[in-house]
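Worksheet: the structure to be examined is printed underneath.
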Amino acid sequence: MSNFVGYRCSKCGSEFGPHDVTYLCPNDGAVLDVILDFGSIKKTTGPRDIQISQDFSIWRYLPLLPVGDPGHLGTPLRSVGWTPVYSPPQLAKSLSLSKLWVKDESTNPTASFKDRASAVLVARAQEIKANVIVTASTGNAGAALAGMAAAAGARAVIFAPKKAPPAKVAQLLIFGASVYLVDGSYDDAVELSRQAAEAFGWYCRNTGYNPFTAEGKKTAALEIWEQVLSTQSSEQPLSVFVSVGDGNIISGIHKGFKDLMALGWIDQVPRIFGVQAEGSAAIANAFETGTEEIGPVQAHTIADSISVDLPSDGLRALRAARETGGAYIKVSDESILSAISVLGRYGIFAEPAGAAAFAGLRKALESGLITEGNPVLVLNTGSGLKDVAAARKAAGEAPVIEPTLAALKRALEVEH
Ligand SMILES: *Cc1c(COP(=O)(O)O)cnc(C)c1O
Ligand SMILES: [Zn+2]
């Protein structure tokens, strides 16, 4: 049994019962927040009950999720989340930060943060007996849905832009999804997937559309609570850096911290910083002008996972930073490539969108938005193996040498 009791519109505040709506607010088309019965959760679950769990995955948070136990033990569906948090001392030192953590989402089963949402979506689909799940995706959400659906024996249909990185498309196909590459942008793929869901009665996973994705994504905040917040006694709030495209990850993380506040398990919400690519900065633009109106851009960035013309979860994403004392930061593609290289030196391999958050931290340090005493956590949202072409741009080429010691000696001299 779950503690899911309904939905609340993020814009007009209207509330709906669990069976009244499926996707957006019928009044204004805004994204819905899932409402949980915190009174009931508190009666059955304390923080200790979670902290002693031997289930090292998102499913340790079942009492805080709007779905019941999904089953499928022993499959990748059960190993999503509980991603590692690193704190390389040399990296912190190089940035003059006293406390720095990097939470690495590349260890998820399909190698990105998106598994959190797709796992919860697949659990929800089972509950409502939806056999086909459809999504539009720049690549990772689709790969995550395809992988989780494969683990649970469900069918996935994916629409991705024709220009999606080949590794992501290969993942979709290997996981057995029905894949359609759309000759257009991500936003075009979104539109088509909505029409297809309606026409064929498929369950739609789209980001900023299906209210359950943010519930999956909030598990990262719950992990940050256990892995970082509950081990620290700091006067300073933690600053969390998140890369932002549609704005659903940052909204989900905000929701996770708000849930913990509602339960009284934390007494301070971390500051949340959203990082966007300069060429895809619709939410950051609105943050700068101080409005809640988000206008579209013509997105263009190397970070394909955060390349979005009109973010589907922009309003909540904006508030995640505004309501927590965070901010939005824009980073150039050049600085994203440089961030990939720096993280790589510490054994962390990020795709461009994954490294964008770290690029944002470097910029925040330059501008004084973050200073030495601020404890910081940066998310790497996706694996560098997802986009090898970008990695090669960041790292350059290796020299080719003859297989002789003499040739090696010459090459070593060139390097020094
Ligand atoms: C989807 C994605 C993001 C951005 O998430 P949004 O919810 O679209 O803001 C960031 N990084 C990676 C690797 C992603 O796949
Ligand atoms: Zn509404």
Side-chain angles (χ1 to χ4, degrees), residues 7-16 21 23-33 104-106 108 110-118 135-145 160 164-165 167-168 171 186-187 190 205-211 213-214 216-218 220 241-255 272 274-277 280-284 299 301-318 320-321 328 336 340 349-360 378-387 390:
Y7 305 96
R8 184 180 301 112
C9 175
S10 60
K11 194 166 178 188
C12 70
S14 301
E15 294 190 3
F16 306 94
V21 284
Y23 303 116
L24 302 175
C25 173
N27 302 332
D28 51 22
V31 187
L32 299 172
D33 284 316
D104 189 5
E105 293 291 310
S106 69
N108 275 305
T110 79
S112 89
F113 190 105
K114 297 294 197 298
D115 283 344
R116 297 178 183 276
S118 290
T135 197
S137 166
T138 59
N140 287 337
L145 177 59
K168 297 183 182 182
Q171 268 189 308
Y186 167 57
D187 297 67
V190 169
R205 179 222 179 273
N206 279 6
T207 295
Y209 187 63
N210 190 313
T213 60
K217 289 171 175 177
K218 81 179 182 189
F241 280 72
V242 189
S243 58
V244 175
D246 270 318
N248 194 241
I249 291 182
I250 197 171
S251 301
I253 286 173
H254 190 204
K255 174 71 157 53
I272 304 177
V275 182
Q276 294 208 284
S280 176
I283 304 172
T301 167
I302 191 171
D304 64 293
S305 299
I306 52 172
S307 181
V308 179
D309 296 348
L310 184 60
S312 59
D313 208 351
L315 179 58
R316 293 195 302 187
L318 199 52
Y328 268 84
I336 289 173
I340 292 177
F349 192 14
E351 68 166 272
F358 184 73
V378 181
L379 275 175
N380 167 28
T381 42
S383 165
L385 291 172
K386 294 267 196 175
D387 188 350

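In listed order, ligands and their atoms are each counted from 1.
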Is it the case that the side chain of [X] and the backbone of [Y] share a donor-acceptor pair, with hydrogens and angles ignored and the cut-off at 3.5 Å?
{"X": "S118", "Y": "L145", "value": "yes"}
{"X": "S10", "Y": "D33", "value": "no"}
{"X": "S137", "Y": "A160", "value": "no"}
{"X": "D313", "Y": "D246", "value": "no"}
{"X": "Q276", "Y": "Y328", "value": "no"}

Proximal ligand 1 atoms for [X], defined as those under 4.0 Å from one of its heavy atoms:
{"X": "S243", "value": "4 (C), 10 (C), 11 (N)"}
{"X": "G382", "value": "13 (C)"}
{"X": "G247", "value": "6 (P), 7 (O), 8 (O), 9 (O)"}
{"X": "N140", "value": "13 (C), 14 (C), 15 (O)"}
{"X": "I306", "value": "3 (C), 4 (C), 10 (C)"}
{"X": "V244", "value": "9 (O)"}
{"X": "D246", "value": "6 (P), 8 (O), 9 (O)"}
{"X": "N248", "value": "6 (P), 7 (O), 9 (O)"}

Mind checking whether [X] has an N or O less than 3.5 Å away from an N or O of ligand 1?
{"X": "K114", "answer": "yes"}
{"X": "I249", "answer": "yes"}
{"X": "G245", "answer": "yes"}

Does a side-chain heavy-atom distance below 4.5 Å link K114 with K217? yes

For atom 11 (N) of ligand 1, grab the closest protein heavy atom and report residue, atom and distance to one decimal in Å. T381 OG1, 2.7 Å

So, applying side chain to side chain donor-acceptor pair (under 3.5 Å) with N206, which one of T213, T135, N248 is it? T135

Out of curiosity, is S112 lining ligand 1, as in a heavy atom under 4.0 Å away? no

Looking at every non-hydrogen atom in both residues, tell me the closest pair between T138 and P165 and how far apart they are. O-CD, 4.4 Å

Verify the distance criterion only: is there a donor paired with an acceptor across the side chains of S305 and K386 at less than 3.5 Å? no

With heavy atoms only and a cut-off of under 4.0 Å, state how E351 meets ligand 1: side chain, backbone, both or neither. side chain

